[in-house]
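In what follows, chains carry the letters A, B, and so on, assigned in the order in which the sequence lines appear, proteins first and then strands, with residues in each chain numbered from 1. Just so it is clear, the structure is predicted and the values come from calculations on it, not from any experiment.
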Amino acid sequence: MKKENNRIKVKDLLVSENLGKEVHVKGWVRTKRGSRKIGFIALNDGSTIHNIQIVVDFPEFDEQTIKLITTGSCLGVKGTLMKSEGHGQNVEIHAGQIEVYGTADPDSYPLQKKGHTLEYLREIAHLRFRTNTFGAVFRVRHTMAYAIHKYFNDNGFYYLHTPIITGSDAEGAGEMFRVSVLDHLDPPKTSEGKVDYEKDFFGKETNLTVSGQLEAELGALALSEVYTFGPTFRAENSNTPRHLAEFWMIEPEMAFYDINDNMDLAEDFLKYIVRYALENSPDDLEFLNNMYDKELLERLKFVVEKEFVRADYTEAIEVLKKADAKFEFPVKWGSDLQAEHERYLVEKHYKRPVILTDYPKEIKAFYMKQNTDGKTIRAMDVLFPRLGEIIGGSQREEDYDKLKRRINELKIPEKELWWYLETRKFGTAPHSGFGLGFERMVQFVTGMSNIRDVIPFPRTPRNAEF
RNA sequence: UCCUCAGUAGCUCAGUUGGUUAGAGCAUCUGACUGUUAAUCAGAGGGUCGUUGGUUCGAGUCCAACCUGGGGAGCCA
């Protein structure tokens, strides 16, 4: 790879053995301190959470130039890499030449040397990358995204790009964002007075996808093992630290996997991502551990090392009924588990991640494979500490008649799903899959408590800034 | 969407049962200092108290609505 004009990244300089050599570094000023004659600049270029210290003999430089070096300004520095005379760092650069690329007026630059609240930084999301915290979070996010692709690639999965714009609301996963080019003040109308989407761009009603699963299934029933990893949209009015209107979802879909194979994959996959982050982002995770969540590293190691507990829904209900805890919502077979129930199972009872299976069919989606008892389906939810449900998946119903009957029972427009049903008509196969919300996984690994702090530009109700 | 807490200087906050001229730390600016580590020390500037309306002789403080943010819940990933 061609490198730009001999610049060396801070990450490499900090472990460099080339003491006494001339080096060129570029980055943004975190702090400047010192006296009349000597100054110290902490410079960061995003390659690592650590800064390189630039030592400046002020009398050797033009006073006007020195004045431009303030917190947030951008510099290129040529100088000599030296063993540091001070404590706190091994090496430092004694500046020979300083070029100021961009100034940052200290009076109006919104970031101080001192820490800020996450809420304040959220308001300046265009600049928050320049803080230690967000540098760490987004480096870890990248590492995890890479780990996901690597895991699937190494295991023979194909990355399938499912559509962002969809013509069906089949899954019923939530409220959708409509995609339309019609004049919303004066749309064309049908003779019945409704909006005439035949006149719209696609000739039908279209929305932003809520899930790539159904399309992924089509791929799996030919390519055997596929996964999607892309943006997903929900127009729900959810105001919580765990929900976004636009988030990234990972959805593997595998032919010939039953529910047990599915669980094995989910557990192995989650452990792989956590292990990969621990091994490849140790500095960033250590920083987050020290600053925000003292038990973070311990918890991550725990997840990697311990086997997840597997239990079925009915068992979980029994545990909850016997539980020595007061719940706001009643525990009853047939109703969905509430957040408090999930938390009790994971944090109090089993004390490790839990995979729950065989839920009542009434509370789960139409495409899940029905058990022979006529009451439950082969669904599995992976429950994590702090977050609750992090993965939802199932073996899919591969029987044409059963699937069609369920679609009709739930009054889902069968016509819209003709293509989905055809896979069960021609060469159907047992298959399974699951969905993982990427940001929730990043939350778990970074320990950030608000999901808005693990995606660069969060989209939430009444907020689409940047 | 519901419950709950909050909104005062650039940032983080204090502000007593309603009472004269609204405070602190940090940041910024000026000065001092030859090795600092969120440097230190001295001084200075900086406010329509979220918005609108109301109660009152008098509102940062009480009331109402709205806006914004945090936490919890629902919906979910």
Handout entry: Side-chain donor/acceptor of A/S238 to base of B/C76, under 3.5 Å
Key = no
Practice task
Report which part of the nucleic acid A/L244 touches: base, sugar-phosphate, or nothing (heavy-atom distance under 4.0 Å, all strands).
Solution key: base
Handout entry: A/E225 and A/Y257: side chain donor to acceptor below 3.5 Å
Key = yes
Practice task
Sort out the partner of B/G69 for me: Watson-Crick or G-U wobble, both distances under 3.5 Å, none otherwise.
Solution key: B/C5
Practice task
Map A/T240 and A/I38 onto RNA chain B by nearest heavy atom, then report which one ends up closer to the 5' terminus.
Solution key: A/I38
Practice task
Mind listing the residues from residues 81-100 of chain A sitting with a heavy atom below 4.0 Å of RNA chain B? Number order is fine.
Solution key: A/S84, A/E85, A/G86, A/H87, A/Q89, A/E92, A/H94
Practice task
Produce a footprint string for nucleotides 8-14 of chain B: one letter per nucleotide, 5' end first; B if the base is under 4.0 Å from any protein heavy atom, S if only the sugar-phosphate is, - if neither.
Solution key: --BSS--
Fill in the blank from the handout: A/E328 CD to B/G72 C1', in whole Å, measures 9 Å
Handout entry: Any strand: nucleotide that pairs with B/A22 via Watson-Crick or wobble, under 3.5 Å
Key = none
Problem - Any side-chain heavy-atom pair of A/T71 and A/K32 under 4.5 Å - result: no
Practice task
Have a look at A/A339 and say if it touches a base, only the backbone sugar-phosphate, or nothing, with a 4.0 Å heavy-atom cut-off.
Solution key: sugar-phosphate
Practice task
For B/A38, give its Watson-Crick or G-U wobble partner with both distances under 3.5 Å, or none.
Solution key: none
Problem - Nucleotide opposite B/A59 in a Watson-Crick or G-U pair, distances under 3.5 Å - result: none
Problem - Salt-bridge criterion met for A/R139 and A/D284 (N-O under 4.0 Å) - result: yes
Completion exercise
pair_partner(B/G74), Watson-Crick or wobble, both distances < 3.5 Å, evaluates to none
Completion exercise
With the side chain defined as heavy atoms from C-beta on, A/P241 is closest, among B/G35, B/C76, B/G72, to B/G72
Practice task
Determine the sole option in A/R141, A/R128, A/R242 for which the salt bridge (Lys or Arg N to Asp or Glu O under 4.0 Å) test with A/D453 is passed.
Solution key: A/R128
Practice task
Fit a plane to each ring of A/Y146 and A/H142, take the angle between them on a 0 to 90° scale, and name the class: parallel (under 30°), tilted (30 to 60°) or perpendicular (over 60°).
Solution key: parallel
Problem - Strand partner of B/A64, provided both Watson-Crick or wobble distances fall under 3.5 Å - result: B/U52
Practice task
Tell me what A/R30 touches on the nucleic acid: a base, only sugar-phosphate, or nothing, going by heavy atoms under 4.0 Å.
Solution key: nothing
Exercise for the section: May I ask you to verify whether the side chain of A/N239 and the base of B/U1 hold a donor-acceptor pair under 3.5 Å? Expected result: yes
